[in-house]
**Q** 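I'd like to ask some things about the structure below.
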Amino acid sequence: MTTAAYQGEPGSNSATAARALYPAGGELPCTSFEQALDAVTLGTADVAVIPVDNSAAGRVADVHHLLPESGLFIVAEYFLAIRFDLMGVPGATLDEVECVRSHVHALGQCRKVLREGGWRTLVSDDTAGAAREVAQLGDPGHAALAPPAAAGLYGLDVLRAEVEDDPDNTTRFVVLSRDAKLAPRTGEPTMTSLFFSVRNIPSALYKALGGFASSGVNLTKIESYQMGAGLNASRFYVEVEGHPDDERVALALHELRFFSTEVRILGVYPAHPHRLKS
């Protein structure tokens, strides 16, 4: 039985993603992304299910700093449609609500309903945690923005359903494992994730990425971040369509390595069907 660690409480979006991926598996809720990744490293969990970006809020802060240092490997991706319900204690009404609690990203993804209600907001560590807090308070003046599963889990009433600003709101999760289980080359759509650091020379990034352009390899994501407080060259996180054994990808990676001080493959995994629809 696969045990999946995730950041958040039962009823959170991460818990929903973990259950969808491993319906017969165990769950290990964690208070932080670091704790979830450490659980896999230490063997307490088999995999970690971690959100990396959201269609409305962008990338999840800190995750890309943690991934290269974790020593773990991406073995799968999963896209989850994000739904938020406004929920309160049993018997509460919208007219009684004065304060809405949720994670900062959820509050940012439900701005319209918050403006309509004119409610003050409080930031919680987790969306499902906000629902738990409201249940514990027992105050009809407090409501939570949380995934639909949290209402039944914490005994709350849904005051208004599906209040997210964007009906296409989607979060992408990656599954991380201790073992580098690279997907075999089968001809099916495949994604490759990697980190690299360029040489400290003029036009290094342009030259490093030139192989992808000349080989016709599509980069679906490129993000940079600075390591430490010095003036070292930036590190880049890249996702490309294709398998490292594909001729075009192999040529692009060869040129990338020539202009880089470090290239590390973080994962080779099947493309999720949601990506193919998009």
Side-chain angles (χ1 to χ4, degrees), residues 17 33 49-80 166 168-177 180-227 232-278:
F33 294 125
V49 180
I50 302 294
V52 288
D53 40 48
N54 173 266
S55 59
R59 74 177 181 179
V60 178
D62 297 332
V63 167
H64 292 98
H65 290 269
L66 297 172
L67 293 184
E69 309 306 323
S70 70
L72 303 178
F73 300 90
I74 299 176
V75 295
E77 65 176 358
Y78 183 76
F79 287 78
L80 177 69
D166 182 2
D168 295 323
N169 191 359
T170 304
T171 292
R172 176 173 173 256
F173 292 80
V174 294
V175 179
L176 293 119
S177 169
K181 303 173 184 176
L182 304 184
R185 185 186 180 202
T186 62
E188 295 297 318
T190 304
M191 299 299 299
T192 298
S193 294
L194 59 93
F195 285 94
F196 70 93
S197 297
V198 295
R199 297 183 184 277
N200 194 14
I201 58 174
S203 305
L205 180 60
Y206 173 80
K207 295 173 182 176
L209 295 179
F212 293 99
S214 59
S215 299
V217 177
N218 187 32
L219 273 69
T220 61
K221 177 189 290 290
I222 177 168
E223 295 182 345
S224 66
Y225 55 96
Q226 195 73 34
M227 298 298 292
N232 297 325
S234 295
R235 175 177 276 177
F236 295 87
Y237 173 74
V238 170
E239 293 176 355
V240 303
E241 293 180 348
H243 194 284
D245 291 339
D246 295 342
E247 182 179 1
R248 293 186 303 167
V249 178
L251 288 171
L253 291 177
H254 177 76
E255 191 160 344
L256 176 67
R257 290 187 176 97
F258 185 81
F259 292 104
S260 301
T261 58
E262 175 193 17
V263 176
R264 192 193 319 176
I265 300 292
L266 187 62
V268 180
Y269 46 94
H272 189 269
H274 178 88
R275 186 186 295 278
L276 307 183
K277 290 190 299 183
S278 300

**Q** Would you call H254 and F258 a side-chain contact if the rule is heavy atoms closer than 4.5 Å?
**A** no
**Q** List the residues meeting side chain to side chain contact (heavy atoms under 4.5 Å, CB included) with E188, not counting sequence neighbours, and say none if there are none.
**A** T186
**Q** Just by distance, do the side chain of R248 and the backbone of V217 share a donor-acceptor pair under 3.5 Å?
**A** no
**Q** Report the C-alpha separation of E247 and R185 in whole Å, then their side-chain angles, then the decisive distance to 0.1 Å, and conclude whether the salt bridge (Lys or Arg N to Asp or Glu O under 4.0 Å) test is met.
**A** CA-CA 11 Å; E247 182 179 1; R185 185 186 180 202; over 6 Å; no
**Q** In the structure I gave you, are the side-chain heavy atoms of T220 and V240 within less than 4.5 Å of one another anywhere?
**A** no
**Q** Can you tell me if NZ on K207 sees more than 12 non-hydrogen neighbours from other groups inside 6.0 Å?
**A**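 Counting neighbours around NZ of K207, more than 12 heavy atoms of other residues, nucleotides or ligands fall under 6.0 Å, so yes.
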**Q** Supply the atom-to-atom distance H274 NE2 to T170 OG1, rounded to the nearest 0.5 angstrom.
**A**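 Separation between the atoms: 4.5 Å.
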**Q** Measure the OG1-CG distance between T192 and L253 for me, rounded to the nearest 0.5 Å.
**A**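 Reported value, rounded in 0.5 Å steps: 7.5 Å.
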**Q** Quick one: does T171's side chain have a donor or acceptor within less than 3.5 Å of a partner on P51's backbone?
**A** no
**Q** Rounded to the nearest 0.5 Å, what separation is found between the CZ atom of F173 and the CG atom of D53?
**A** 10.0 Å
**Q** For H272 and F79, take the angle between the two ring planes, folded into 0 to 90°, and tell me which bin it lands in: parallel under 30, tilted 30 to 60, perpendicular over 60.
**A**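 The rings of H272 and F79 sit tilted, inter-plane angle from 30° to 60°.
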**Q** Atom CG in D246, atom CD in E241: separation rounded to 0.5 Å?
**A**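 Rounded to the nearest 0.5 Å, the CG-CD separation comes to 11.0 Å.
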**Q** Determine yes or no for a side-chain-to-main-chain donor-acceptor pair under 3.5 angstrom, with R172 supplying the side chain and L80 the backbone.
**A**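 Absent.
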**Q** Taking only Lys NZ, Arg NE, NH1 and NH2, and the carboxylate oxygens of Asp or Glu, determine whether R264 and E262 approach each other closer than 4.0 Å.
**A** yes
**Q** State, with a plain yes or no, whether a side-chain heavy atom of I50 is found less than 4.5 Å away from one of L176.
**A**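 Yes - at least one pair of side-chain heavy atoms lies under 4.5 Å apart.
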**Q** Once rounded to the nearest 0.5 Å, what's the spacing between atom CG of L194 and atom CG of L256?
**A** 6.5 Å
**Q** Determine yes or no for a side-chain-to-main-chain donor-acceptor pair under 3.5 angstrom, with S70 supplying the side chain and L67 the backbone.
**A**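 Yes, the answer is positive, given that a donor and an acceptor are paired below the 3.5 Å cut-off.
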**Q** F236 and F196: aromatic ring centres closer than 6.0 Å?
**A** yes
**Q** Atom CZ in R199, atom CG in L205: separation rounded to 0.5 Å?
**A**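 The CG atom of L205 is 14.0 Å from CZ of R199, to the nearest 0.5 Å.
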**Q** With the side chain counted from C-beta on, respond yes when V268 and V75 share a heavy-atom pair under 4.5 Å apart, and no when they do not.
**A**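 No. Closest side-chain heavy atoms not under 4.5 Å.
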**Q** Where do P244 and A250 come nearest, in terms of heavy atoms and distance?
**A**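 For P244 versus A250, the nearest heavy atoms are O-CB, 3.5 Å.
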**Q** Going by distance alone, is a donor N or O of one side chain under 3.5 Å from an acceptor N or O of the other, for S193 and Y269?
**A** yes
**Q** When you check the gap from the basic side-chain N to the acidic O, do R275 and E77 get nearer than 4.0 Å?
**A**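 A salt bridge is present here (some side-chain N lies under 4.0 Å from a carboxylate O).
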